[in-house]
Amino acid sequence: MGRKSIASKQNDIVAEARERLKICYSAERDQRELAIDDLRFAQVEGYQWGDREKKRDRPRFEVNKIAASVNQVIGDYRQNKIAVKVRAAGGDATANIADTFNGLIRNIENTSNAKNAYDSAFDLLANAGFGAWRVTTKYNGYDFNQDVCIEPIRNALTKVWMDPMSTDENKRTAMFGFVLKNMSREEAIAKWPKARISDMNVPINTLNGEAGCFDVQVDKVTIAEYWRKIPIKRTIVQLSDGRVMDLEKMEPVLDELEAAGITVVNDRDVDDFKVEMYLVSGLDVLEGPQQWAGKYIPIIPVYGYNYYVDAKHYYHGIVRPAKDSQRVYNYALSANIEAVALSPKDPYWITPAQAKGFEPQFSNFNVENRPFMFFNHDPENIGPPKRTGAPSVQSALVQTMQQAEMDMQAVTGRFGGNMQQNPSNESGRAILAQQQQGDMATQTLVDNMVKGIQYTGEILVDILPNLYDTERQVRIIKEDGEDEFVLLNSTVIDNQTGQPVIMNDLNQGQYDVMADAGPSYQSKRTEAVNTLTTLAAQDPNMAAISSDLIAKNLDFPYAKELTDRLRKQMIASGTIEPNEKEMEEMAANQPQPDPMAIMQQQLMVEREQLTNQQMQANIQATMSNANNFDAASQEKMAKVEKTMMDTQKVLIDMQKTMQDIAASKTDQTNTEADTLNKLKEATTQTMQEGEALMVSGEGMEVREDQLDLIENQINEQSLPIDQ
């Protein structure tokens with residue numbers, strides 16, 4: 001029963017895929033056939049005349065002015081670069097994570113050479129009005145990490161079919177879609193030996209005749225990637241740290257979050273889709289279902305000038321409105337050249353009597369340079385044979401060609417000025433105005449490409465958090481082309497809260513995507529150099545502060561080295577501030593101290609510390625001895641202090657006496673000598689008494705250094721006496 005159930009389900013998938021492919025084909029068959037005819041008309045040599053005209057034995061010249069207009073539009077588009085910009089939109093989104101998204105998208109575009117996909121789609125868009133590319137994933141090397149790629153779909157006119165009920169510009173709301181691919185029948189049988197290999201195709205008349213089917217050959221088989229959306233319900237939860245996440249994704253780590261103190265505070269159900277892909281032939285499911293990591297079908301169709309009329313989608317590129325004008329131009333040109341080619345064949349009008357006997361002469365007159373011609377006299381036609389005149393070039397044909405060319409310029413929007421074929425416009429302003437007019441006429445195509453690339457960015461922002469959901473080191477590319485590696489989903493502990501925090505978590509917050517077409521970064525660099533150089537020539541101060549910026553934007557091999565040297569000089573002179581990297585380099589390049597000098601400095605510090613410790617110990621010992629003095633000792637010390645006070649009093653009296661002597665100025669020398677002698681005797685006696693008191697103290701041990709201290713204090717107080 002199980003096998004039968006699986007087989008029954010696969011049969012249902014195949015039947016559903018075939019029915020939906022027929023719906024796509026029925027809705028867009030006419031437009032696709034016209035688009036294929038437009039592409040051939042512009043790019044296949046000789047196709048502009050059609051099979052019916054080719055059978056006529058007449059000149060059929062083809063001057064393909066449409067292709068020139070298309071190629072110029074393509075060239076204008078390739079001069080600009082459409083850049084995706086991711087911005088923080090809500091929740092706990094941050095500018096840093098938005099920059100990480102931007103760097104990842106640039107890296108994806110670089111590694112998968114997405115420019116080829118975009119350019120290929122725009123080529124079809126300009127010619128036929130429809131192009132497409134896709135987003136895919138593949139495993140990287142021998143690990144389990146998936147890388148994202150942007151791939152072209154070369155023949156989108158016959159390979160890509162999307163849900164016709166979706167009227168969104170890029171089929172965002174499409175519920176199903178197909179990408180058809182060819183492979184040899186032998187290869188298909190070898191790859192799926194148990195499957196029934198049958199073509200999955202629909203007829204396109206223009207490609208292989210009235211009964212043909214597109215891209216179907218005897219030794220090849222067409223299989224289809226069948227993408228479909230399935231509506232589902234999801235539960236989203238809000239965590240206590242503010243994050244909003246899918247409950248299904250976070251269930252495996254709920255215990256860890258609760259252990260870290262992070263809980264669920266709110267939840268609700270939302271409508272969503274899951275996307276899956278089956279690889280099917282006309283009879284069997286070959287592979288699948290394969291689950292896609294996002295909610296959008298990863299196929300990006302882009303349309304040219306497109307409209308919905310009576311619920312039917314019409315679209316075209318530059319070629320279709322100009323086809324009739326191109327045909328008229330080719331016809332008028334061919335007819336005009338045919339008339340000019342016949343002009344040297346102006347025949348002689350001659351009677352049989354005039355030519356009789358001279359037939360060889362008249363039959364070769366147009367290839368032989370004869371100085372004279374013989375003829376017979378004919379009374380019925382008097383005079384020599386005559387020419388009636390060559391067919392003249394009809395001015396109507398020339399006017400028709402001119403009108404047809406003007407019509408082509410009008411419908412394509414590429415006028416003489418922007419085709420560089422109008423020398424009458426001598427004013428550069430007039431030429432620029434015409435070029436801008438032509439650019440505006442085809443801006444719709446560029447704008448639709450911008451929308452397609454923006455949708456690509458939305459798909460990438462949708463799937464990257466699901467693919468890069470573990471700790472992983474990835475490369476990002478900055479806007480200036482420099483690259484760096486970042487670590488996604490790394491867990492660190494917040495020093496303030498002590499809680500684990502996930503760094504560079506792409507699931508954090510909501511982000512929106514915009515895209516804009518403008519000059520490439522290289523063009524911006526060139527413009528920056530021109531502007532800065534002009535300003536520097538006008539103002540020397542500007543040259544001093546902008547020389548590093550000029551060098552940075554120069555395009556030659558040693559620009560980076562020159563920039564680094566200029567910045568070092570400007571940092572040293574204080575003109576600019578160093579950035580974080582330069583500060584680290586400056587710190588690393590500081591001269592290292594001499595190890596011997598460090599050792600000597602440490603020894604000096606240790607010696608100073610030991611000296612301070614010894615002094616502290618002596619002070620403590622002295623204080624300890626002083627605390628051991630008994631009451632009697634304190635009394636004797638009081639006597640010593642009294643003696644010292646008496647000495648100070650004597651000194652004061654001495655100073656007063658000297659002042660009196662100076663005032664009276666009489667017998668100054670003898671009086672001063674007697675006074676000094678008396679003071680010395682009194683001082684000596686006082687010191688002897690104090691020393692005797694301290695030495696004879698009972699139960700009191702006086703250290704020699706203490707006595708010296710007291711003596712020094714007395715000497716210091718007696719210093720004026722000695723002087």
TODO: Looking only at non-hydrogen atoms, find the nearest pair between A88 and Y511 and report the distance.
DONE: CA-CD2, 3.6 Å
Task: Nearest atoms (heavy-atom pairs only) where L39 meets A128 - done: CB-CB, 4.5 Å
TODO: Kindly compute the distance separating CD1 (I13) from CZ (R18), expressed to the nearest 0.5 Å.
DONE: 14.5 Å
Task: Atom pair CD (Q146) and OG1 (T136), whose distance is rounded to the nearest 0.5 Å - done: 10.0 Å
Open item on the list: Closer than 4.0 angstrom, basic N to acidic O: yes or no for R228 and E276?
Closed with: yes
Open item on the list: Rounded to the nearest 0.5 Å, what separates atom OG1 in T444 from atom CG in L125?
Closed with: 10.0 Å
- [ ] For the residue pair K171 and D163, establish whether any side-chain heavy-atom pair is separated by less than 4.5 Å.
- [x] no
Task: Spatial distance of atom CD (Q31) from atom CZ (R320) [nearest 0.5 Å] - done: 5.5 Å
Open item on the list: Please check this pair: side chain of D123 against backbone of A121, looking for a donor-acceptor N/O pair closer than 3.5 Å.
Closed with: no
Open item on the list: For the CD atom on E287, are there more than 12 heavy atoms of other groups (residues, nucleotides or ligands in this structure) within a distance under 6.0 Å?
Closed with: yes
Open item on the list: Using the rule given for side-chain contact (heavy atoms from CB on, under 4.5 Å), can you reason through H316 versus L34, listing the C-alpha separation, both sets of side-chain angles and the distance that settles it, and then say yes or no?
Closed with: CA-CA 8 Å; H316 63 82; L34 289 172; over 6 Å; no
Open item on the list: One pair to check against side-chain contact (heavy atoms from CB on, under 4.5 Å): I223 and K181. What are the steps and the verdict?
Closed with: CA-CA 6 Å; I223 60 177; K181 56 177 63 176; 3.5 Å; yes
Task: Exercise: identify the closest heavy-atom pair between T456 and V135 - done: CG2-CG2, 4.0 Å
Open item on the list: For a quick test of reading the model, state the closest non-hydrogen atom pair linking Y468 to L104 and the distance between them.
Closed with: CE1-CD2, 4.0 Å
- [ ] Flag the pair N448 / E169 as yes when at least one side-chain heavy-atom distance between them is below 4.5 Å, and no otherwise.
- [x] yes
Task: Note: E33-R29 ion pair, threshold 4.0 Å (strictly below) - done: yes
Task: salt_bridge(R134, E225) N-O dist < 4.0 Å - done: yes
TODO: Please answer whether the main-chain N or O of K159 pairs with a side-chain N or O of N155 as donor and acceptor at a distance below 3.5 Å.
DONE: no
Open item on the list: Looking only at the side chains, is there a donor atom on one of Y315 and E28 sitting less than 3.5 Å from an acceptor on the other?
Closed with: yes
Task: Within the 6.0 Å centroid threshold, strictly below: H313 and Y303 - done: yes
TODO: Under the salt bridge (charged side-chain N to carboxylate O under 4.0 Å, His left out) rule, what do D483 and K478 come out as? Steps first, then yes or no, please.
DONE: CA-CA 6 Å; D483 58 50; K478 302 178 183 178; over 6 Å; no
Task: N-O pairing of R32 and D38 below 4.0 Å - done: no
Task: Shortest non-hydrogen separation from R196 to S281 and the atoms involved - done: O-OG, 2.9 Å
Task: Verdict with supporting geometry, D147 and R472, salt bridge (charged side-chain N to carboxylate O under 4.0 Å, His left out) - done: CA-CA 12 Å; D147 287 337; R472 177 177 179 182; 2.9 Å; yes
TODO: Taking the side chain as every heavy atom from C-beta outward, state whether F176 and C24 have any pair of such atoms under 4.5 Å apart.
DONE: yes
Open item on the list: Do T158 and L180 have side chains that approach each other closer than 4.5 Å (heavy atoms only, starting at C-beta)?
Closed with: no
TODO: Evaluate the side-chain contact (heavy atoms from CB on, under 4.5 Å) criterion for residues V302 and K451: first the C-alpha distance (whole Å), next the side-chain angles of each, then the deciding distance (0.1 Å), finally the verdict.
DONE: CA-CA 8 Å; V302 286; K451 294 175 183 177; over 6 Å; no
Open item on the list: Is it the case that over 12 heavy atoms from other parts of the model lie below 6.0 angstrom from the CE atom of M165?
Closed with: no
- [ ] Please check if the side chain of S112 supplies one atom and the backbone of I150 the other of a donor-acceptor pair under 3.5 Å.
- [x] yes
Task: Heavy-atom check, side chain of V513 versus side chain of K85, under 4.5 Å - done: no
Task: Donor-acceptor under 3.5 Å (T111 side chain, N107 main chain) - done: yes
- [ ] Could you point out which residue of V84, T100, I476 forms a side chain to side chain contact (heavy atoms under 4.5 Å, CB included) with I105?
- [x] V84
Task: Side chain proximity check, V148 to L467, heavy atoms < 4.5 angstrom - done: yes
Task: Least distance between heavy atoms, A224 atom then F178 atom - done: CB-CD2, 4.3 Å
Task: Side chains of N127 and Q43, donor plus acceptor under 3.5 Å - done: yes
TODO: May I have the step-by-step check of ring pair (Phe, Tyr, Trp, His ring centres under 6.0 Å) for W133 and Y118, ending in yes or no?
DONE: CA-CA 7 Å; W133 62 88; Y118 301 153; 5.1 Å; yes
Open item on the list: Is the shortest side-chain heavy-atom distance between I82 and M449 below 4.5 Å?
Closed with: yes
Open item on the list: Testing the 3.5 Å rule here: is there a donor-acceptor pair between the side chains of Y226 and E16?
Closed with: yes
Task: Gap between atom CD1 of I189 and atom OG of S184 - 0.5 Å precision - done: 9.0 Å
Task: Pairwise side-chain contact, I74 with R78, heavy-atom cut-off 4.5 Å (strictly under) - done: yes
Task: Lys NZ or Arg CZ of K229 over F273 ring: under 6.0 Å, within 45° - done: yes
- [ ] Rounded to the nearest 0.5 Å, what's the gap from CG on D284 to OH on Y278? Could you check?
- [x] 13.5 Å
TODO: Please assess I299 against V160 for the test side-chain contact (heavy atoms from CB on, under 4.5 Å), listing each intermediate value before the final yes or no.
DONE: CA-CA 8 Å; I299 304 168; V160 177; 3.9 Å; yes
Open item on the list: With no hydrogens and no angle check, just 3.5 Å: does a side-chain donor-acceptor pair link T173 and S166?
Closed with: yes
Task: NZ/NE/NH1/NH2 to OD/OE distance under 4.0 Å, D269 and R234 - done: no
Task: Donor-acceptor contact present, side-chain N102 to main-chain A98, <3.5 Å - done: yes
TODO: For residues Y305 and Y314, establish whether the separation of their ring centroids is below 6.0 Å.
DONE: no
Open item on the list: Looking at D512 and A89, would you say the former's side chain and the latter's main chain have a donor-acceptor pair under 3.5 Å?
Closed with: no
TODO: Return yes if a side-chain donor-acceptor contact under 3.5 Å exists between T235 and D267, otherwise no.
DONE: no
TODO: Check whether any side-chain N or O of D168 sits under 3.5 Å from a backbone N or O of N170 as a donor-acceptor pair, and report yes or no.
DONE: yes
Open item on the list: Taking A27's backbone N and O only, do any of them form a donor-acceptor pair with K312's side chain (distance below 3.5 Å, no angle check)?
Closed with: yes
- [ ] Please work out which of the three classes, parallel, tilted or perpendicular, describes the rings of F122 and Y77, given edges at 30° and 60°.
- [x] parallel
